[in-house]
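Heavy-atom basis, side chains included; hydrogens, waters and symmetry copies ignored.
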Protein chains: 2
Amino acid sequence: MVGRREALRTELLASVREAARDQLRAVGPADLSLRAIARDVGISPAGLYRYYDGRDALLTMLITDGYTDLADHLFLAQGLAEEVSDLGRTRQVPEAADADAPPLDRLRATWRTYRTWSLAHPNEFHLLFGQPIEGYAAPLDGATTRANARMARALVLPAYVAWQSGDLDVPDLADPPHGLHRLAEAISEEAPVPVSASFAARTLAWWSVLHGAVALELNGQFRWLDEDATGDLFAATLEATLDAARPD
Amino acid sequence: MVGRREALRTELLASVREAARDQLRAVGPADLSLRAIARDVGISPAGLYRYYDGRDALLTMLITDGYTDLADHLFLAQGLAEEVSDLGRTRQVPEAADADAPPLDRLRATWRTYRTWSLAHPNEFHLLFGQPIEGYAAPLDGATTRANARMARALVLPAYVAWQSGDLDVPDLADPPHGLHRLAEAISEEAPVPVSASFAARTLAWWSVLHGAVALELNGQFRWLDEDATGDLFAATLEATLDAARPD
DNA sequence: ATCTTATGTGGACAGTGTTCACGAAGAAAG
DNA sequence: CTTTCTTCGTGAACACTGTCCACATAAGAT
């Protein structure tokens, strides 16, 4: 049986969570005000400490939420609805691909969703990928790291599938540097079939293009282009990246 | 003749500037404390307003300084010492290429310097490319934008040179999107010879790889790799990018 | 009915950026 | 040399911020 007290607690926990997300949507991670959140929930600033132990705990929770939300969108975009645990909130993803679609199309949809999500949630993007807040260090074994790894998996997986199905070709490096072997091992633990060091490196390179294009656009480095030109640029960048890995 | 008063003013202006840069090296743009800077200079917080009109002015100055410093390093790396106005501070750039070196080597050196500088100045990197500070908007016609454009030129120039000398090949897009033509025009104004829309798009794609690789590394997304592995990964990423544009 | 534990509060402390009235010192004009 | 004007710098104040602590008030358990 659930006591009346416990019920109120989980309800207030959810309230705070929602208020924090609402505020993050408006003001950016650095200006996230603990006192304003307390005001929104209708509680005193000190009382908030009974639920989240200070600002760092709030940020930890927001970061974890951000990673899982992004990962959900990425999984849905490539047609892997079974990977997302909590449907309902992530229901309306614009371009959810069919799981039977060609691997390259699913990869494309995943990459486009990375941009779409980031443009729609700029503050979350900066919270996840921007500078760490004032010496805030995520607990390495905590939920944050797990959510981060899941997001990385959602990003690597479609590239891996396209590679396995022969739609992407990655030339083997003549002399793969030492460190990349360990990277390949790390990725291989997640993948069904071991990947080569060359493929592992190439995957991170693809993430780099993707991330850099989004980060530069979001930061306003392309502000002298008009709105739709940035979309065209992004599409051209992705196609160029894929062309470089076309088999033939 | 320069009055005694004016001399003191320029000296104090420089003092504040140095104190601000020192503090930025330590604490990150969001925690940059105006009062701490005033303490360092030995002035009251209110007195600082006679020199810089509030925190935004300080940030504007730091951003401008950051862009020019990065641009100087990039120009020196490709062997264009004549482009940097204020030598002396930027004297010791690790890998200053000869102006007669092969274009591809100069391009490589420039890209490597982008990473080196960013890893050496993480807070400046976040200030320049991270999220805009609490609704801070750079004046569009101001010095900030000029310094930003100069940095972009330092980044585009070596790619342009390599392209002109035939060391880089960029396939023409079959149907270049509308917005990219205007992008090409904008770049062409800076370059000696007009560039195609395809080349313009490809240049920004290269910047995206470069920027994304650095941003992800700096943000700790590669933290599960060991130190030297990230260097190897970066080198592999650059070579893969160049390989995709090899003529033959 | 008593005891224990969780919950919430107001007050305080040390910070922050910014504004304002006011005094002191340099520069210029009589 | 004296007066006027402008710049410089200060201390106090205001409205914020995150965090901590003693204290009262409830709920749950014995």
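We find that CG of A:L48 is positioned 10 Å from P of C:dG8, with the value rounded to whole Å. Atom CZ in B:R55 sits about 13 Å away from atom C1' in D:dT17, given to the nearest Å. Note: OH (A:Y52) to P (C:dG8) measures 14 Å, nearest angstrom. Here D:dG9 presents its P atom at 15 Å from CG of B:D53, a figure rounded to the nearest Å. One interatomic measurement links the two molecules: CD1 of A:I37 to C1' of D:dT19, which rounds to 15 Å at whole-angstrom precision. Rounded to an integer number of Å, the gap from A:E6 CD to D:dA26 C1' is 17 Å. Atom-to-atom, CD of A:Q23 to P of D:dT17 comes out at 9 Å; the value is rounded to the nearest Å. At whole-Å resolution of the value, CG in A:L8 and P in D:dA27 are 9 Å apart.
Residue B:G42 is the one, among A:L32 and B:G42, whose nearest nucleotide of DNA chain D lies closer to the 5' end (criterion: closest heavy atom).
Listed candidates were C:dT9, D:dT19, D:dC8. Nearest to the side chain of A:A46 is C:dT9. Each of D:dG18, C:dT9, C:dT19 was ranked by its minimum atom distance to the side chain of B:Y49; first place goes to C:dT19. For B:I43, taking side-chain heavy atoms from C-beta onward, the closest of the listed nucleotides D:dT19, D:dT10, D:dC21 is D:dT10. Of the candidate nucleotides C:dT7, C:dT16, D:dC8, C:dT16 has the atom nearest to the side chain of B:R39. Closest contact between the side chain of A:S33 and the listed nucleotides D:dG9, D:dG18, C:dT16 involves D:dG18. The side chain of B:R50 has D:dG9 as its nearest neighbour among D:dG9, D:dT17, C:dG17.
Side chains of A:W207 and B:F222 form a contact here, defined as non-hydrogen atoms less than 4.5 Å apart. Between A:Y52 and A:L13, the closest side-chain pair of non-hydrogen atoms falls below 4.5 Å.
Around CD of A:E11, the count of heavy atoms belonging to other residues, nucleotides or ligands within 6.0 Å does not exceed 12.
Counting atom types as modelled, B:R35 pairs no side-chain N or O with a base atom of C:dG15 as donor and acceptor under 3.5 Å.
With A:R17 contributing its side chain and A:A14 its backbone, the two residues share no donor-acceptor pair below 3.5 Å.
Using a 4.0 Å cut-off, some side-chain N or O of A:R9 falls inside it from OP1 or OP2 of C:dT7.
Going from atom CZ of B:R182 over to atom CH2 of A:W224 covers 12.5 Å, rounded to the nearest 0.5 Å.
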